[in-house]
Structure formats: structure tokens, C-alpha cells
Colleague: 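Submitted below is the structure of interest, expressed as C-alpha cells.
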Protein chains: 2
Amino acid sequence: MRRPDARPLYVQVEAILNDRIVSGDWKSGQALPAEPELAAELGVSAGTLRRALARLEQRHLIERRQGRGTYVTQQTSEQALGQFFRVRNLAGRPVEPDTFITGVSTGPASEEEAARLRLRQGEAVHRIDRSRIFEGEPRIAERITLPAALFPGLSLPLAPAQLASEIYVHYRNAHGIIVVKSEENLSATAATEADAAVLNCPVGTPLLLIERVTFDAAGRVVELRVSRLDTRAHRYAVEIA
Amino acid sequence: MRRPDARPLYVQVEAILNDRIVSGDWKSGQALPAEPELAAELGVSAGTLRRALARLEQRHLIERRQGRGTYVTQQTSEQALGQFFRVRNLAGRPVEPDTFITGVSTGPASEEEAARLRLRQGEAVHRIDRSRIFEGEPRIAERITLPAALFPGLSLPLAPAQLASEIYVHYRNAHGIIVVKSEENLSATAATEADAAVLNCPVGTPLLLIERVTFDAAGRVVELRVSRLDTRAHRYAVEIA
DNA sequence: CTCGCATAGTCTTGTATAAGACACAAGACG
DNA sequence: CGTCTTGTGTCTTATACAAGACTATGCGAG
């Protein structure tokens, strides 16, 4: 006699709850049912449910607050910043970037983009070029590439102001895209003339090149981001445990 | 009526077990007592003990194997490599480095070293200069700085061969130093003449500069390591979750 | 008799349940 | 402005059974 699903029950429950969040059944910021209620509905014990919830919390999909309830994590720009933005100044303090959009376009994915985003070559992607400004100085030049299928309408009238970062957050919330994980490849490169112009630095200045691929809670690749960081006054901080 | 220790019981138990490992009470690779026995000895329920053990396992301090027992993690060079070594080749595959020691010395800590290692300026440190070779080519030039107080005798007759990495692992195991966490600051820099000589690259080549501080299970700073990685054929892979 | 091997026994950690005491938050009420 | 009540998540205990891993036993083949 073999079970239909060999995974532990708490993993199955985790998957069920994950689906409900991804599918928009429970929306961003919304409170989940109380634990006893939810456990009863799912037909599992409170302990098993709590174990599943603990795993979801570890993945930052939900937030639990004693006495208040359990909530689907709201993806504000501050939240995403704290979780994924690793630039620090030389004193080790987090830095608050301003954003300046320098260009937006839509077109077929290049071979490189398609491979990274797991698309077929030629599928439509949106591209956003922007610079990020720390303490008045431009320090990052980056290009964000998004699968158009996941962000319909993003190509439309887009204010060249810094709104774009907010729009981006809005799209994630509205489309059930909950960012969960990023994989990054880091290397060093020399500033090209284009980089030098954007970053206001001499040609050839060593830059930290960050190639990031981001995944959502459904396991989809949602973004490719290539950033060039001028590290003369900043560092990229990573913790390994 | 306030409790003497407001932390949850499972956290207190975790701290007790952590101490036993750090103090060498339970040695590297050794099996812990079985759960029921240990729970009885500590006067807590099996569930509470298991919760503490789960936390220790997450920190890689112990390893649990169903049917066999629970063991203090043994710090082999392979284990440390898998956990802390993030260099990949362009295909994304982990790379197996050879190591070549280029110099060993002992002396008073510089201001910079003292600050990073949390020592008083002038306290004795060991310094190991070495290069790391991937697929026949030298790709990393690095200096490791260790507090002499934690590694007594390391200054003595040291084979210039690649033994040093093994010796280093041995010292950690022998002195209750269990590496648990690293903090890294990444930036880009241009190869100096010294770098160029070691790495066999042109002067000015952009290098990935990695400044790493490593902590052990007792919360001590155990190592400062400054590495310069030639990223022409390799990447530094990081995952953010 | 000895070797090989299946298997039962027993020790280990892993999973799932249940129940009760506790702590925190928010609103109702005096 | 306190105090109470209610609803929430958190901690701790206890029990039972499942599953992995090793050991010993014993039986049969040679």
C-alpha cells in the first residue's frame, strides 16, 4: 500500500497554502483565517498547520504577529528594498536610492535574455533602463528585462519619473507575482563610455557587475536585471550562513 | 512574577547545547545522546528538545540522520568549501581550487585588521598569503588574517605546500572553532602590479574584491580574508532569499 | 561445520495528533 | 484613562506510530 503523495503532510499543506497565495485566493496584505479554523478546514491538526505556516514565514510569504493574526506579505518597495537591495555605504549603512528612468522599450528577447528568463528566443520582453542615485551621485546603471507575458501593458504611457519603481511593485501585487528568491552572478568589469556617461566616472573605472535573475512564489522567472555598480564609495554586502 | 530568563525554553536549550559543542564537551563528529535521554537529562520534553535541535541543524552545527543519530558537524575542507566557497565557472558549475601558499608571517595587527577582527591594535595576528588556482590558472590572490590568540603555534614550521588548508581545518576542529557565518563586502578594483604578477593578468584588469569576516559558533571573529578574484573566466554566485 | 543471507528485533530520528497554559493586541466598557 | 473581555498566535507537554539503520539470530546451502 503506497500513499498517493509521499511528501510529509506539513509539506503538502505548505504547498496548498502557497497555491492559495499565488492564485490570488488570499490577496497581498490580507489576513489568513485563524489557525484553529484553518486547521479544521484543511483537516489537519493545529501542530501540522503551524509547521507549514512556519515554512511559509521563512520564505517571507506570510507574516505572523502574535495576538493579531497571520498576513500575506505585502510587497512594498521598502520591503523589497530591505530584502533584496544589498548596497551599503563605506560605513556599512544601508543606502536609500533615488531612481531615474532613462529608457523603456519592448521587443523580442535576445538569445541571452531568452536563456536567462527561460523564454523562447524572440518572445516579447519589456526593457527598462535606469540609473540609481545615492546621496546625489549616480552609482548604478542598470537594465531590467521583464517577460511581457507577465507584465501586460507595461509598455504603455510610462512616466519617465521615478514612478516606475512603484508601478513595478503594483504589477507584482496585481498579477500574483510574489518575489521570493534571486540568484546573482557577480564579476568585475571596466566602465565603457556609456557607463562613464551615466555614472559620471572615468572610462575604465572598475565596476561591480551584478547579473540577477529573480523568481516568484510560483517558481517562474520574473525578471532579469543587469546592474553596474560604481564601488568607489559603496560596497555590496552579502551574508553567508 | 517575572521569569529569570524570558527567552523561550527551546532557545535556552539551544544555547546550552551550543555551549557544549563550543566548549568541546561534544567533539567534532561525535554523536549526541539519543533524544529521549538528552531530553530527560535537560528536564524538558522531547518536543522542546527537538525544536532546539532543529535550530542547531539550521545553523549547520549538527547533522541529524534518521535511524542513526545526531552528530556534531565535522568541518572538513569539502564541507567548508560547499558552504562558503561561491566561485563558479562560466557554465555555473562549482570549481575545485588548488591552493598555493606564497607567504606566512606573524606580527602586530594593523588598525584596519584590528577593527575588522575586533582586536586591540597591535595584538598579534598570523597572515597567510596564497593564490588559488582553477583549472591550471591562478585566479585568486588572497590574504588571510587570523587572531594569533585563537591559533597558537600556527607561526611554526609551516610547509609551503598546500597542506596549509588542511592544517587550518585541523586547527578549527582542535580549538572548538566552528565556522558558522561570514559577512562579505564586495567591490571592484583594478589589478596592481603585484596582483598582475600573481594572477598572470595585465595591470589594471578589473578584479572582484571580496572582504570577508568569518564568525564561529561562540560569536567570535575568527578570520579576516581579503580576496581578489579575476572574473574573466569565473563568477561569484550568490543566492538571496 | 561454515558461509551466506533473510529477517526479526531494537534503537534511532521523523511525523502527526491533542490539549492546556500563556502572551499579546485590540476594542468595549466603565 | 484604566480594566475587562475576546480573539489571536506562542510555548510546552504528552502520546502514538512511521521509517531508517544497524545487529543478532537462525536457517538453509554447500
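Atom set for the values below is all heavy atoms of this structure, side chains included, hydrogens, waters and symmetry mates excluded. In the text below, chain A, chain B and the rest are named by the order of the sequence lines, each starting its count at 1. Bear in mind the structure is a predicted one, so any value in this text is a computation, not a measurement.
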Colleague: Rounded to the nearest angstrom, tell me the gap between atom CG in Leu56(A) and atom C1' in dG9(D).
Modeller: 15 Å

Colleague: Can you tell me the distance, in whole Å, between the CG atom of Leu32(B) and the P atom of dT13(C)?
Modeller: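 Distance, rounded to whole Å: 9 Å.
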
Colleague: Residues in salt bridge (Lys or Arg N to Asp or Glu O under 4.0 Å) with Arg20(B), at least two apart?
Modeller: Glu41(B)

Colleague: Give a yes/no verdict on a cation-pi contact between Arg51(A) and Tyr10(A), requiring under 6.0 Å between NZ or CZ and the six-membered ring centre and an angle within 45° of the axis.
Modeller: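 Yes.
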
Colleague: How large an angle, rounded to 10°, do the end axes of the helix from dC1(C)-dG30(D) to dG30(C)-dC1(D) enclose when each is built from five base pairs?
Modeller: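 The angle, to the nearest 10 degrees, is 10°.
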
Colleague: Kindly write out the residues that satisfy side-chain contact (heavy atoms from CB on, under 4.5 Å) with Ser28(B), not counting sequence neighbours, or none if the list is empty.
Modeller: Gln74(B), Asn173(B)

Colleague: Across the strands shown, which category fits Arg50(A) at heavy-atom distances under 4.0 angstrom: base, sugar-phosphate, nothing?
Modeller: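 Touches a base.
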
Colleague: Which whole-number value in Å describes the distance from Gln12(B) CD to dT10(D) C1'?
Modeller: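 Checked: the CD to C1' distance equals 15 Å.
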
Colleague: Ser45(A) side chain: which of dA18(C), dT10(D), dT13(D) is closest?
Modeller: dA18(C)

Colleague: Could you list the protein-to-nucleotides 7-12 of chain C atom pairs, N/O on both sides, closer than 3.5 Å?
Modeller:
unit_1  : atom_1 : unit_2   : atom_2 : d
dT12(C) : O2     : Gly67(B) : N      : 3.3

Colleague: So is Arg132(A) actually on top of Phe100(A)'s ring, under 6.0 Å and inside 45° of the axis?
Modeller: no

Colleague: So, is Thr48(A) close to the dT17(C) phosphate, meaning a side-chain N or O under 4.0 Å from OP1 or OP2?
Modeller: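 Answer is yes, contact under 4.0 Å.
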
Colleague: How close or far is atom C1' of dT13(C) from atom CZ of Arg51(B), stated in whole angstroms?
Modeller: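 About 18 Å, once rounded to whole Å.
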
Colleague: Between Glu223(A) and Arg212(A), does any side-chain N to carboxylate O distance fall below 4.0 Å?
Modeller: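 Looking at Arg212(A) together with Glu223(A), the answer is no, because their closest N to O distance does not fall below 4.0 Å.
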
Colleague: Using a strict 4.0 Å threshold on nitrogen-to-oxygen distance, state whether Arg235(B) and Glu211(A) make a salt bridge.
Modeller: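 Judged by the 4.0 Å cut-off on N to carboxylate O distance, Arg235(B) and Glu211(A) do form a salt bridge.
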
Colleague: In this structure, how many angstroms lie between the P atom of dG9(D) and the CD atom of Glu63(A), rounded?
Modeller: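 Roughly 14 Å, once rounded to whole Å.
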
Colleague: Between atom CZ in Arg55(A) and atom P in dA16(C), what is the gap in whole Å?
Modeller: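 It is 11 Å, rounded to the nearest whole Å.
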
Colleague: Excluding sequence neighbours, so at least two apart, what forms salt bridge (Lys or Arg N to Asp or Glu O under 4.0 Å) with Arg118(B)?
Modeller: none

Colleague: Check whether any side-chain nitrogen or oxygen of Arg64(B) sits under 4.0 Å from OP1 or OP2 of dG14(C), and answer yes or no.
Modeller: yes

Colleague: Consider side chain to side chain contact (heavy atoms under 4.5 Å, CB included). Of Leu53(A), Leu42(A), Leu56(A), which one does Val13(A) pass it with?
Modeller: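 Exactly one pass, corresponding to Leu42(A).
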
Colleague: Would you mind reading off the distance between Leu53(A) atom CG and dC11(D) atom P, rounded to a whole angstrom?
Modeller: 13 Å

Colleague: Give the rounded distance in Å between these two atoms: CG of Leu49(B) and P of dT13(C).
Modeller: 9 Å

Colleague: Taking only residues two or more places apart in sequence, or in another chain, which ones meet Glu14(A) in a salt bridge (Lys or Arg N to Asp or Glu O under 4.0 Å)?
Modeller: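 Salt bridge (Lys or Arg N to Asp or Glu O under 4.0 Å) check on Glu14(A) returns Arg55(A), Arg59(A).
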
Colleague: Looking only at side-chain N and O atoms, does Tyr10(A) come under 4.0 Å of OP1 or OP2 in dT15(C)?
Modeller: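 Affirmative; the distance criterion is met.
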
